[in-house]
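Please read these numbers as outputs of a predicted model, since none were measured by experiment.
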Amino acid sequence: AYATGLGGRPAGVSEPNLLPATGARAPPPMFDRRLLANFDWVLLGLTLAISLIGVAGIYSASKGYPGDPHYWLRQLYWIGLGVALGFVVLLVDFRTIGQWSYLFHGLVCGTLAVLLVVGAGDGQVDRWLNLGPVTVQPSEFAKFTTILAVAYYLRDGRRVGNVGWRGLVVPLALVLLPFFLIVNQPDLGTALMLPVIFLPILVLAGLRLRLLVYLGVVALLAILGLVAAFKLGFYRVDDPLVRDLQRQGYAAPQVEAVAQLKGQQYYLPGTLRSRMNVNPFLFGETDLQDSVVERSFRPFISYVLRPYQ
């Protein structure tokens, strides 16, 4: 009913989508003009400007290569394809995209898990997935699917403005699952983008202020601890390091002297250097000692993540 409270239509107001002469219902428009009126053209322009700056950088970097490989032209093709796909996505109702968000997120997390199994050899996790002529990095798609999945979960108006601990269980699971899979590649930079993206979504969803402060402190401590786990560690000589020294052409007595250091852990590089200087075959060999110290370093994160073991 209208504001008159009479339940009828005020005078002069016609039935919507009806032709004035015949009263027949007009066909739906082929294109909704409101889509163009409400489109953020400034955002599109800034995105294209940044993309073209990247194309200019690729053109400058590849210009000196023999044969002129035209990497910049290939980048232009991808930009054009991305813009076209973006407009196609605009034609789909955002509610429909939200309904598929969990499936998209599950596929991306499943692909990240597959990379743990496939690997890149030598115990390393591959960040890229080869799909015929195209190579895809699933961790980049995790950023978008995380936004979709978390936003879709918090879409319920009953949660907005009153998000507490119980309301955080599912969103945290949606973020932490790809986070640990990406850290295990290891790709700490991309992994840290997920909590950075997650926090503004919680603020917009109406997270309680006190809980927001708690999460901010915990996140800061976790990030500092994670960085320290990558930067701090111990030094341990193992068989692959000894084999590398043999392939590099070091003398057999020097390689044997390094092999005698296997099975021990040193928590300071100076301690390892002191042990090497005791041996006459390693005393004063600065280049060899630098190589051993660099290659024997194992961060504390190696206790958790396979790529560093």
Side-chain angles (χ1 to χ4, degrees), residues 38 40 42-43 46-47 89 92-113 115-116 125 127 137-233 299-308:
N38 298 323
D40 195 344
V42 176
L43 178 61
L46 293 175
T47 304
V89 172
V92 182
D93 187 12
F94 70 91
R95 299 177 185 85
T96 303
I97 299 177
Q99 293 173 357
W100 290 85
S101 59
Y102 292 156
L103 177 61
F104 294 151
H105 197 56
L107 289 176
V108 170
C109 292
T111 306
L112 292 172
L115 291 179
L116 295 179
V125 178
R127 302 180 185 180
Q137 188 175 7
S139 59
E140 294 297 325
F141 291 94
K143 302 174 185 177
F144 302 102
T145 59
T146 300
I147 295 175
L148 289 175
V150 174
Y152 184 71
Y153 177 80
L154 295 173
R155 76 194 185 280
D156 192 343
R158 291 173 295 179
R159 299 191 185 98
V160 173
N162 193 28
V163 178
W165 286 110
R166 293 183 179 179
L168 284 178
V169 174
V170 175
L172 280 175
L174 294 173
V175 174
L176 292 180
L177 177 59
F179 176 82
F180 286 111
L181 290 174
I182 295 173
V183 168
N184 199 39
Q185 291 185 347
D187 190 356
L188 182 61
T190 302
L192 289 179
M193 286 297 298
L194 297 183
V196 171
I197 294 171
F198 180 53
L199 187 59
I201 297 178
L202 289 181
V203 174
L204 293 175
L207 184 68
R208 297 172 186 172
L209 182 58
R210 180 180 299 179
L211 185 55
L212 178 62
V213 174
Y214 289 159
L215 285 179
V217 173
V218 172
L220 180 60
L221 294 177
I223 291 174
L224 293 177
L226 192 60
V227 172
F230 272 93
K231 298 298 183 181
L232 303 178
F300 287 125
I301 200 71
S302 62
Y303 287 113
V304 180
L305 303 184
R306 185 179 66 176
Y308 290 103

| query | Can you tell me if OH on Tyr102 sees more than 12 non-hydrogen neighbours from other groups inside 6.0 Å? | reply |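 Yes, OH of Tyr102 has more than 12 neighbouring heavy atoms, counting only those of other groups under 6.0 Å.
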Pairwise distance [atom1]([X]) to [atom2]([Y]) - rounded to 0.5 angstrom:
X: Ser101; Y: Ile147; atom1: OG; atom2: CD1; value: 12.0 Å
X: Leu148; Y: Gln99; atom1: CG; atom2: CD; value: 12.5 Å
X: Leu168; Y: Leu174; atom1: CG; atom2: CG; value: 11.5 Å
X: Arg95; Y: Tyr152; atom1: CZ; atom2: OH; value: 11.0 Å

Residues 188-204, side-chain donor-acceptor partners within the protein, below 3.5 Å, at least two apart:
| unit_1 | atom_1 | unit_2 | atom_2 | d |
| --- | --- | --- | --- | --- |
| Thr190 | OG1 | Asp187 | OD1 | 3.3 |
| Thr190 | OG1 | Asp187 | OD2 | 2.8 |

| Pro178 side chain near Val108 side chain, heavy-atom distance below 4.5 Å |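 They are not in contact (no side-chain heavy atoms under 4.5 Å apart), so the answer is no.
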| Shortest non-hydrogen contact between Pro171 and Leu154, atoms and distance |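 For Pro171 and Leu154, the tightest heavy-atom pair comes out as CG-CD2, 4.4 Å.
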| said: On a heavy-atom basis, which atom in Ile182 and which in Ala142 lie closest, and how many Å separate them? | reply: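 Shortest heavy-atom separation between Ile182 and Ala142 comes out as CD1-CB, 4.0 Å.
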| task | Can you run down the salt bridge (charged side-chain N to carboxylate O under 4.0 Å, His left out) pairs that involve residues 139-152, sequence neighbours left out, and say none if there aren't any? | result |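 Matches after skipping sequence neighbours: Glu140-Lys143.
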